[in-house]
2 protein chains.
Amino acid sequence: MHCEDCPIRYRAVCAQCEGDELATLEQMKFYRSYQAGQPIIWEGDRMDFVASVVTGVATLTHTLEDGRTQMVGLLLPSDFLGRPGRDQAAYNATATTDVVLCCFRRKPFDQMMRQTPHVAHRLLEMTLDELDAAREWMLLLGRKTAREKIASFIAIIARRQAALHKRRPGGRMQLDLPLTREAMADYLGLTIETVSRQITALRRDGIIEMVGKREVTLPDYDRLVEESGDDSDGGTLS
Amino acid sequence: MHCEDCPIRYRAVCAQCEGDELATLEQMKFYRSYQAGQPIIWEGDRMDFVASVVTGVATLTHTLEDGRTQMVGLLLPSDFLGRPGRDQAAYNATATTDVVLCCFRRKPFDQMMRQTPHVAHRLLEMTLDELDAAREWMLLLGRKTAREKIASFIAIIARRQAALHKRRPGGRMQLDLPLTREAMADYLGLTIETVSRQITALRRDGIIEMVGKREVTLPDYDRLVEESGDDSDGGTLS
DNA sequence: CACCTGCCTTGACCCAGATCAACACGACGG
DNA sequence: CCGTCGTGTTGATCTGGGTCAAGGCAGGTG
């Protein structure tokens, strides 16, 4: 009856749902796939569903008239997409790798949220986590140097991938960058050239090692964190 | 029995509360005042209440070890302070003018939130609005020029003050900057010198006029918005 | 009154990161 | 096999905003 491997059960909306509620969610749920590079939804478009990322990576971006672009959300598996209670998308959402979404039609979803306290609760919690992440991100954008930005970004990705594997980040570890240099630049408020140069610099200084252009190995996670400018490396896994 | 002039009734938590619920809220509510410059709570401190700003202006900031500071929240009257369901402050909160808070003890508040769907709902809505604001802010920090940042900031303050007076921003209008140059710099990811210079430049170019150091008059709100780099000036009042 | 002290402004100079340009390296299609 | 297109790297140069330094201007305070 319900789908064990759908991450929505574990992290996103319905961690505590049971019986009827789960059945209801299962009923209103459907899947959508997008290819790498494909837009998911455009700023201002009507958005008749909310969703949880099952696999792949999606981004939320804002763009100024003249083309300057800032990423404002990076959605990895188990992250939530869409704003409950509002049917207009506020940002451009794009699939940066192949993406599978587990979608819920807005109408019944909103209604369920209204009726089921712990779903509303869960959503509030997730939104607060996102707000915290956004504020950390603001510190990065406003006050960190290019090198610190790159180090922070890699550390963030490392933490999230460690979280997926249910491990603590630390020591020697391997990870892959799910974004192009351009997307990284948009994440960090830099240009692609600066991103490229700083990655080269971190490589030269032995902070990171790379195989190909996307796979990174960290000889020492803590060393990277030192470069990121953050004081408390902390356990912030989200 | 309940307090008509407490903004918490109108915007923040309990817009739809009635009867018993209101009475409960009134019971757990108390006021606190802070003088300009005084810290309200420090990152990592235990925070045993949540609150709504009644009067004055408070800020949330993040600071790196070496002192670099980024503002991550600007709280004007009716804004909400504190994270429901977590008792550790994640940011430094400071009163930048004299501030009066309408506080609620965390324990009973959390419990009420759990029992009263529309309170949880309201909180979700407010948090989503804050998230939107944070993302707009990220675009500003990552991609706007110093001049655009200043213009955006003034436009944001203008909108919020217009909202307080229940008017649409537009045409000729007057407002006062509730922040020092330093706080503005921390808001915008700039230095005080750059803030000062760009304000001078906007004044020189006739975009803004100033009496004293804090009071601004806009000859033409739309002209300011043009300078801010935003396309859709939009009605985003929050 | 003179003297701070806190905020703000302005000028001179510098540098981190943007811009402009060239090139490297697959992957892909013909 | 050769173009070419998308992605990434590297170099040369430029510039917006940071840094350092010198005042200006209230508002307190003795």
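In what follows, chains carry the letters A, B, and so on, assigned in the order in which the sequence lines appear, proteins first and then strands, with residues in each chain numbered from 1.
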First contact, last contact: which nucleotides of DNA chain D are these for chain B, 5' to 3', heavy-atom distance under 4.0 Å?
-> dG17(D) to dC20(D)
Which residues within residues 189-198 of chain B lie with some heavy atom under 4.0 Å of an atom in DNA chain C?
-> E193(B), S196(B), R197(B)
Check whether any side-chain N or O of K144(A) sits under 3.5 Å from a backbone N or O of S228(A) as a donor-acceptor pair, and report yes or no.
-> yes
Where the side chain of D132(B) meets the backbone of D129(B), is there a donor-acceptor pair that is under 3.5 Å apart?
-> no
Pair D176(A) + K213(A): basic N to acidic O under 4.0 Å = no
What do the steps show when you test L175(B) against L218(B) for side-chain contact (heavy atoms from CB on, under 4.5 Å), and what is the final call?
-> CA-CA 8 Å; L175(B) 56 113; L218(B) 303 179; 3.9 Å; yes
Apply salt bridge (charged side-chain N to carboxylate O under 4.0 Å, His left out) to E130(A) and R135(B), showing your working.
-> CA-CA 10 Å; E130(A) 265 192 278; R135(B) 285 170 162 166; 2.7 Å; yes
Just how far is it from atom OG1 of T61(A) to atom CD of Q70(A), taken to the nearest 0.5 Å?
-> 9.5 Å
Report the residue (I199(A) or R143(A)) whose heavy-atom-nearest nucleotide on DNA chain D is the more 5′ of the two.
-> I199(A)
Roughly how far, to the nearest 0.5 Å, is CZ of R83(A) from CD of Q88(A)?
-> 11.5 Å
Please state whether the rings of Y187(A) and F153(A) are parallel, tilted or perpendicular, taking 30° and 60° as the class boundaries.
-> perpendicular
Under 3.5 Å, side-chain donor or acceptor atoms of residues 195-210 of chain A against the rest of the protein: list the pairs with distances, not counting sequence neighbours.
| unit_1 | atom_1 | unit_2 | atom_2 | d |
| --- | --- | --- | --- | --- |
| T200(A) | OG1 | S196(A) | O | 2.9 |
| D205(A) | OD2 | R147(A) | NH2 | 2.2 |
| E209(A) | OE1 | R172(A) | NH2 | 3.2 |

Which atom pairs link the protein and nucleotides 13-15 of chain C when you take only N or O atoms and keep those under 3.5 Å?
none

Give, for atom CD1 of I40(B) and atom OH of Y34(B), the distance between the pair rounded to the nearest 0.5 Å.
-> 6.0 Å
So, with a heavy-atom separation below 4.0 Å from DNA chain C, the residues of residues 201-214 of chain B are K213(B), R214(B)
Expected list for residues 148-158 of chain B near DNA chain D, using heavy atoms below 4.0 Å, is none
Short side-chain donor-acceptor distance under 3.5 Å, R159(A) and Y221(A) = yes
Does any N or O in the side chain of Q38(B) come within less than 3.5 Å of the main-chain N or O of Q35(B), such that one atom is a donor and the other an acceptor?
-> yes
Please tell me if the side chains of L190(B) and M184(B) come closer than 4.5 Å, counting only heavy atoms from C-beta onward.
-> no
Sub-4.5 Å side-chain heavy-atom contact between T63(B) and R68(B) | no
Run the ring-centre check on F49(B) versus F104(B) and record whether the distance is less than 6.0 Å.
-> no
